[in-house]
Amino acid sequence: MQLYNSMTRKKEEFKPIHEGKVGIYACGPTVYNYFHIGNARPFIVFDVLRRYFEYRGYQVTFVQNFTDIDDKMIRRAAEENTTVDEIAKRYIAEYYVDAKALDIRPATVHPRATEHIPQIIALIEKLIANGLAYESRGDVYYRVKAFPNYGCLCGQNLEDLESGARVNVDEQKEDPLDFALWKAQKPGEPAWESPWGMGRPGWHIECSAMSTTYLGDTFDIHCGGKDLLFPHHENEIAQTSGATGKPYVNYWLHNGFINIDNEKMSKSKGNFFTVRDIAKEFDLEAVRMFMLSAHYRSPINFSREMIEQAQSSLERLYTARDQLNFLAQGAQKREPNEAEGAFMAACDKSEADFNTAMDDDMNTADALAAIFELVREVHKLPLSSASEKAVAYGQQKLSALTAVLGLLNRKADGVSQDVQALVDERAQARANKDWKRSDELRDQIKAMGYTLEDTSAGQKVRKVV
RNA sequence: GCACAGGUGGCAGAGUGGUUGAAUGCAUGGGACUGCAAAUCUCAUUCACGAAAGUGACGCAUCAGUUCGAAUCUGAUCCUGUGCUCCA
């Protein structure tokens, strides 16, 4: 499998540290609000990455944190006249609600920053011992110029970074590039005991502490949004490698942004849609489909039209699944004939194409194309007397491939007895060529939430979403 | 200013040197199927001539170049987005 590594800026063959296993850390949300669809993108695409590794037989440890202490959390708590912990608990719960609705699987571990204060303090102490950090009036800062590799991820040298750095007159830093590892308590802020007095961790250090706690000093894959490349991930490298003396991460993966009117969607710009808002209007599976219809590193433009388009293509997948279920009802216990053999070969071809696409830096757009090739073959199968074996083969492939993308989760609902009674009555009316009655019944069935289609193998009933 | 992406058909979006293959999906139109539908299959959707089959031309931001051959490589230009500051 090839993965584009932001560190080297090329696609590289993925080689796990431990055969058959892969450790992934994904930067999670700061839990001070509902998450927006820009936040949802990494959750979805890296959920797919994890699913693909599992599909390929890897044992995956997937860690995604909750940032539950920072300026935004504190501000929010003050605004709502409650505690930071209360805000954290609330929006962590809300995260799980939205994640579930988007079919984002829970991570192996969801660590919270505030539950890893001892690990954070230990890491800072190590950095101080290594001469890479210093205390200054209760704050602790990272000594950027003492870490020779600083800038290795973002590809900028120290001079360029320096010219861009904001210089605060009041700073207690040795150098403008230095960043906070530990912040001394200000009045009214939550704080923890430390060797430097009461205070709280800086933003970057928490990810270093939590990732290494669960994945070891060096692990396989670290992912997150492109905007985290600098300074967040650059700082993580400096902190972790600086403390351990070992490489931190082998592959850095960064997803592109979601734009609104070709502008980055962000909380600070105010041009964002929360997942909660979108859910009022759309089936969230369509949002997932939309995200996967482009490569994860490309920017995508969000609009109502795009979600509707995704919804339509998603329906095509469901139609194929239902078609297979319909075929299964009338299937026979016999070996596949020649045409069905060709169908099974086409299934294999789709699967192979799907794997090739996913192996190429997780090209979900091409992977979807491979699934749609399979969909077409499904519809070409004769409607009656199919071979059970061939149908089951198609069902297995379709569900296996869509499951990797986290699609096709809607249940195939059975038909209730009252609907079935109408369907049976309509069959009788059609046999009598009573088209008027037949159409009435079709309308009635439709009003009950089902579509009814006539096929050469009888009536087909599907639940409408 | 420095750094990094990117500009592909009506829309979205793959493709990144080679047989007319611009995949796949969406949309629109024709045909098949149907009692009618729906779903599905199939063809078409750059321009010119033509009723049509067809013929010719152009074509993947623009211009120039490399090459027997370019959407794909090189250079320049224009444009867009992102990072350098909390942000997925």
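Numbers restart at 1 for each chain; the letters A, B, ... are given by sequence-line order, proteins then strands.
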Side chain of [X] - closest among [options]:
X	options	answer
A:Gln309	B:C4, B:G13, B:G25	B:G25
A:Arg9	B:G81, B:C4, B:G83	B:C4
A:Met306	B:G25, B:C11, B:A88	B:C11
A:Glu453	B:A88, B:A37, B:U42	B:A37
A:Ala294	B:A14, B:A5, B:A88	B:A14
A:Ser312	B:A27, B:A88, B:G35	B:A27
A:Arg442	B:A37, B:C41, B:A14	B:A37
A:Asn363	B:U24, B:A88, B:G15	B:G15
A:Ala365	B:C26, B:C4, B:A14	B:A14

For [X], answer base if it contacts any base atom (sugar-phosphate contacts may also be present), sugar-phosphate if it contacts only those atoms, and nothing otherwise; contact means non-hydrogen atoms under 4.0 Å.
X	result
A:Lys72	sugar-phosphate
A:Ser298	sugar-phosphate
A:Arg376	sugar-phosphate
A:His232	nothing
A:Gln323	nothing
A:Arg76	nothing
A:Gly38	base
A:Phe257	base
A:Asp439	base
A:Thr319	sugar-phosphate

Rounded [atom1] spacing from [N] to [M] in Å:
N	M	atom1	value
B:U67	B:G75	C1'	16 Å
B:A27	B:G35	C1'	29 Å
B:C58	B:C47	P	16 Å
B:C33	B:U40	C1'	9 Å
B:C60	B:G15	C1'	11 Å
B:A48	B:A39	C1'	39 Å
B:U82	B:U62	P	24 Å
B:A22	B:A61	P	16 Å

Exercise. Are A:Asp360 and A:Lys11 within salt-bridge range, i.e. N to O under 4.0 Å?
Worked result: yes

Exercise. Can a salt bridge be assigned to the pair A:Arg112 and A:Asp85 using a cut-off of 4.0 Å between side-chain N and carboxylate O?
Worked result: yes

Tell me the interatomic distance from [X], atom [atom1], to [N], atom [atom2], rounded to whole angstroms.
X	N	atom1	atom2	value
A:Asn301	B:U80	CG	P	15 Å
A:Leu228	B:C84	CG	C1'	15 Å
A:Leu229	B:A5	CG	P	11 Å
A:Leu153	B:C84	CG	P	13 Å
A:Leu374	B:G25	CG	P	12 Å
A:Arg321	B:A39	CZ	P	17 Å
A:Phe302	B:C11	CZ	P	20 Å
A:Leu292	B:A12	CG	C1'	14 Å

Problem set entry | Option among A:Val45, A:Leu405, A:Leu314, A:Ile104 that satisfies the side-chain contact (heavy atoms from CB on, under 4.5 Å) test with A:Arg288 | A:Ile104

Problem set entry | Among A:Ile307, A:Asp103, A:Val275, A:Asp98, the one residue meeting side-chain contact (heavy atoms from CB on, under 4.5 Å) with A:Leu284 | A:Val275

Please give the nucleotide sitting opposite [N] as a Watson-Crick or G-U wobble pair, both distances under 3.5 Å, or none.
N	answer
B:A5	B:U80
B:G17	none
B:U40	B:A32
B:U74	B:A64
B:C26	B:G10
B:C58	none

Exercise. Is there a donor and acceptor pair closer than 3.5 Å between the side chain of A:Asp454 and the base of B:C36?
Worked result: yes

Seminar exercise, completed: Per nearest nucleotide of RNA chain B, the residue lying toward the 5' end, A:Tyr296 or A:Leu452, is A:Tyr296

Seminar exercise, completed: Note: for A:Cys154 and A:Ser313 on RNA chain B, the residue whose nearest nucleotide lies more 5' is A:Cys154

For this session: Respond yes when some side-chain nitrogen or oxygen of A:Lys380 is under 4.0 Å from OP1 or OP2 of B:U42, and no when none is.
Result: yes

For this session: Please check the phosphate of B:G25 (OP1 and OP2 only) for any side-chain N or O of A:Arg316 closer than 4.0 Å.
Result: yes

Exercise. A:Phe43 and A:Phe35: aromatic ring centres closer than 6.0 Å?
Worked result: yes

For this session: Examine A:Tyr251 together with A:Tyr4 and report whether their ring centres are nearer than 6.0 Å.
Result: no

Exercise. Any sub-3.5 Å donor-acceptor pair from A:Ser208's side-chain atoms to A:Gln239's backbone N or O?
Worked result: no

Problem set entry | A:Lys397 to A:Tyr393, cation-pi by 6.0 Å centre distance and 45° axis angle | yes

For this session: Identify the two heavy atoms, one from A:Ala40 and one from A:Leu102, that lie closest to each other, and give their separation to 0.1 Å.
Result: CB-CD1, 4.0 Å

